[in-house]
Amino acid sequence: MFSLLARYSSVCLVLAAIAGFLFPAASNAVFPYLPYVLFLLMLFTLLGINQPTLVKALCRPRAWIYAVVHTALLTVCSCGIAYALGSSKETILAVSGIAATGSLFATPAIARSVGLDALEAMSYTITSTLLKPLVLYINLTLFSDDAFALNVSGYIARLLIFIFGPMLLSALVHHFVSDKHLKPIHSKLSQYTIILVFSFPFGLIGAFREYWETDMLSALYMLATGFGICVLFFVVGFVIYGRKGKEAALIAGITSGNRNVLLTYTIAGAALGPVYLPLIGALQLPIYLQPLAVTWFVRRFGK
């Protein structure tokens, strides 16, 4: 069963988003548990990566240059477009939070599923996640109104728990457990990882469904905004890295388009404004349609 789910994971992720929209009560019931699921997913992902190889990848300047593109440059692009289109302050604030967000920790698995370099995707994912707190704080300061007040101590505590916690635990496990013994354990855990990933589109789309029931026209506009954000992020990453080859462009595009929006909400909360939760709900469908689109692209045009 797990192998079947892994094989059709891209389709199942889209179906999970649709199911969450159709059953908002169940989606909202799952939502409070998602930060814990996120912690486990990050930990399980890091356990399966060769630590020296990963550290070497993180020491390369290009991984950090990508992180600046992923967070800072895309903040300028997306918020500039939102401002030019006359979007509300709340919408621009929400967009700035999404733009500052690092890539999904499932991104390497998505890259691997279409035959791309998972290690490169992981190095981009981690650097964008590590740079995210700084860019997010700057964005919240710039785009919030005068009443903005981020609980800095709470912000730092959540960073330590949800970003550095999994990294530290993973490093300790790799230090005390040999790769020989860890590999079969991770192989077993990875079978359950895909189930954890399904919970995100299912549990995050509930807020968008509530918005839909309140104002369908505005919800359709928000859904269009979600698609626009994903397309913009993918295209910018793809174009900037296009000169390095099609595979490098696809890795950058996928990593740019996937956003760990739950982690941003977990560490910043209400400071992101009232539009953030419905908007990240609207993002679920385009985010998880992206692997299907990339798979089609690779089959049609090659890497």
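Just so it is clear, the values below take in all heavy atoms, side chains as well, and ignore hydrogens, waters and symmetry mates.
Counting only residues at least two apart or in different chains, salt bridge (Lys or Arg N to Asp or Glu O under 4.0 Å) contacts with residues 59-68 comprise Arg60-Glu120, Arg62-Glu120.
Rounding to the nearest 0.5 Å gives a distance of 12.0 Å between CG of Leu34 and CG of Leu263. The line from CG of Leu130 to CG of Leu58 is 7.5 Å long, rounded to the nearest 0.5 Å. We find the CG-CD1 distance between Leu104 and Ile287 to be 6.0 Å, quoted to the nearest 0.5 Å. The structure places CG of Leu93 at 12.0 Å from OG of Ser87, a figure rounded to the nearest 0.5 Å. Interatomic distance, Leu116 CG to Lys246 NZ, rounded to the nearest 0.5 Å: 11.5 Å. A distance of 9.5 Å separates CG in Leu262 from CG in Leu277, rounded to the nearest 0.5 Å.
Checked by atom type, the side-chain pair Asn260/Thr101 shows no donor-acceptor distance below 3.5 Å.
For Ser103 (side chain) and Thr125 (main-chain N/O), no donor-acceptor pair under 3.5 Å exists by modelled atom type. A donor-acceptor pair under 3.5 Å is formed between the side chain of Gln284 and the backbone N or O of Ile280. Distance alone, capped at 3.5 Å, is enough to place a donor-acceptor pair between the Ser199 side chain and the Leu196 backbone. Of the possible donor and acceptor atoms, none in the side chain of His175 sits under 3.5 Å from a partner among the backbone N and O of Ser170. Looking only at distances, a side-chain donor or acceptor of Thr295 sits under 3.5 Å from a matching main-chain atom of Pro291. Within the 3.5 Å criterion, the main-chain N or O of Gly102 finds no donor-acceptor partner in the side chain of Ser128. Between the side chain of Thr225 and the backbone N or O of Tyr221 there is at least one donor-acceptor pair closer than 3.5 Å.
Side-chain contact check for Tyr66 versus Ser256: some heavy-atom pair is nearer than 4.5 Å. Inter-residue side-chain proximity for Ile126 and Leu46 is flagged as met; some heavy-atom pair is nearer than 4.5 Å.
Between Tyr36 and Tyr33, the ring planes lie tilted relative to each other; the angle falls in the 30° to 60° range. The aromatic rings of Phe21 and Phe208 sit tilted relative to each other, their planes meeting at an angle between 30° and 60°. Aromatic ring orientation, Tyr124 versus Tyr241: tilted (interplanar angle from 30° to 60°).
Contact detail for Gln290 and Ile254: the closest heavy-atom pair is NE2-O, 3.4 Å. In terms of heavy atoms, Leu13 sits closest to Phe198 at CD2-CD2, 3.5 Å.
Heavy atoms of other residues, nucleotides or ligands lying less than 6.0 angstrom from CZ of Phe23 number 12 at most.
Checked against salt bridge (charged side-chain N to carboxylate O under 4.0 Å, His left out), Glu90 has no partners two or more places apart in sequence or in another chain.
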